[in-house]
Amino acid sequence: QYVPVKGDHVIGIVTAKAGDVFRLDVGGSEPASLSYLAFEGATKRNRPNVQVGDLIYGQFVVANKDMEPEMVCIDSSGKSSGMGIIGQDGFLFKVSLGLIRKLLAPKCEIIQELSQLYPFELVIGMNGRIWVKAKTVQQTLIIVNILEACEYMTAEQRKQALAKLSGN
């Protein structure tokens with residue numbers, strides 16, 4: 001089970017709207033809260049269009065055992081910096097936190113190698129959730145399968161698998 005950590009970027013699923021706050025399932029023991037004002041350009045009049053079921057990529061600003069975890073979708077200068085509502089038609093799946101750390105490591109070649117196969121969008125949450133979207137459903141699923149398999153492959157095995165897919 002994921003334990004929220006301040007500063008972690010995660011993918012949450014909106015489970016409820018309660019007044020000015022959204023409740024998000026982040027895979028932890030309790031839901032996280034997200035104010036409608038915690039989006040770039042949001043005001044009392046200009047509210048983000050967030051629906052129950054939407055995926056949100058955000059960052060924890062409050063995460064400790066005594067308080068409810070709280071997320072925002074803006075950085076310290078009020079910009080979204082890639083955070084916010086994630087597109088509708090991608091594929092969300094869960095992997096181990098070990099694989100997440102591996103993918104986010106500075107020297108990780110996996111994503112670079114995959115991007116030579118097909119163009120795709122990728123969002124990686126520290127809570128073990130990955131969202132991916134390629135041009136077609138088939139390409140999306142191929143990328144999902146490779147990412148899931150990467151946990152148990154050596155770099156050499158991965159290069160062979162990718163070479164097979166690209167037809168070399």
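What you are looking at is a predicted structure, and each value in this text was computed from that prediction instead of being measured.
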Closest non-hydrogen atom pair between [X] and [Y], with its separation:
X: Val26; Y: Ala32; result: CG1-CB, 4.1 Å
X: Glu68; Y: Pro31; result: CG-O, 3.9 Å
X: Ile100; Y: Gly125; result: CD1-O, 3.3 Å
X: Leu103; Y: Ile111; result: O-CD1, 3.9 Å
X: Val123; Y: Ile11; result: O-CD1, 3.5 Å
X: Ala63; Y: Lys6; result: CB-N, 3.4 Å

Side chain of [X], backbone of [Y]: donor and acceptor closer than 3.5 Å?
X: Gln112; Y: Glu109; answer: no
X: Thr140; Y: Ala134; answer: yes
X: Asn64; Y: Asp66; answer: yes
X: Gln59; Y: Gly7; answer: yes
X: Lys17; Y: Val50; answer: yes
X: Asn46; Y: Thr43; answer: no
X: Lys102; Y: Ile110; answer: no

Give, for atom [atom1] of [X] and atom [atom2] of [Y], the distance between the pair rounded to the nearest 0.5 Å.
X: Cys150; Y: Gln157; atom1: SG; atom2: CD; answer: 10.5 Å
X: Ser29; Y: Lys65; atom1: OG; atom2: NZ; answer: 13.0 Å
X: Trp131; Y: Leu55; atom1: CH2; atom2: CG; answer: 8.5 Å
X: Glu148; Y: Leu99; atom1: CD; atom2: CG; answer: 9.0 Å
X: Glu70; Y: Leu24; atom1: CD; atom2: CG; answer: 11.5 Å
X: Tyr118; Y: Thr136; atom1: OH; atom2: OG1; answer: 7.0 Å

Carboxylate-amine/guanidinium proximity below 4.0 Å for [X] and [Y]:
X: Asp20; Y: Arg47; answer: yes
X: Lys159; Y: Glu113; answer: yes
X: Asp25; Y: Arg129; answer: yes

Single-linkage hydrophobic cluster, 4.5 Å side-chain cutoff, [X] and [Y] together:
X: Val62; Y: Leu34; result: no
X: Leu117; Y: Val137; result: yes
X: Met71; Y: Val14; result: yes
X: Val132; Y: Ile146; result: yes
X: Val21; Y: Ile56; result: no

Among all residues two or more places apart in sequence or in another chain, which pass the side-chain contact (heavy atoms from CB on, under 4.5 Å) test with Val72?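 Checked Val72 against side-chain contact (heavy atoms from CB on, under 4.5 Å); matches are Ala38, Val61, Ile74.
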
Step-by-step side chain to side chain contact (heavy atoms under 4.5 Å, CB included) determination, Glu121 to Ile86: CA-CA 10 Å; Glu121 293 174 64; Ile86 299 174; over 6 Å; no

For Ser115 and Phe120, what are the C-alpha separation, side-chain angles and deciding distance, and is it a side chain to side chain contact (heavy atoms under 4.5 Å, CB included)? CA-CA 7 Å; Ser115 63; Phe120 62 91; 4.2 Å; yes

Evaluate the side chain to side chain contact (heavy atoms under 4.5 Å, CB included) criterion for residues Lys44 and Tyr36: first the C-alpha distance (whole Å), next the side-chain angles of each, then the deciding distance (0.1 Å), finally the verdict. CA-CA 9 Å; Lys44 277 199 179 333; Tyr36 77 90; 3.4 Å; yes

Using ring pair (Phe, Tyr, Trp, His ring centres under 6.0 Å) as the criterion, list what pairs up with Tyr2, not counting sequence neighbours.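 For Tyr2, no residue satisfies ring pair (Phe, Tyr, Trp, His ring centres under 6.0 Å) once neighbours in sequence are set aside.
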
Taking the side chain as C-beta and beyond, is there a heavy-atom pair between Phe93 and Leu147 under 4.5 Å?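 Yes - at least one pair of side-chain heavy atoms lies under 4.5 Å apart.
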
Heavy-atom distance under 4.5 Å between the side chains of Ile13 and Leu92, does that happen here?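 Result yes, sub-4.5 Å side-chain heavy-atom pair found.
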
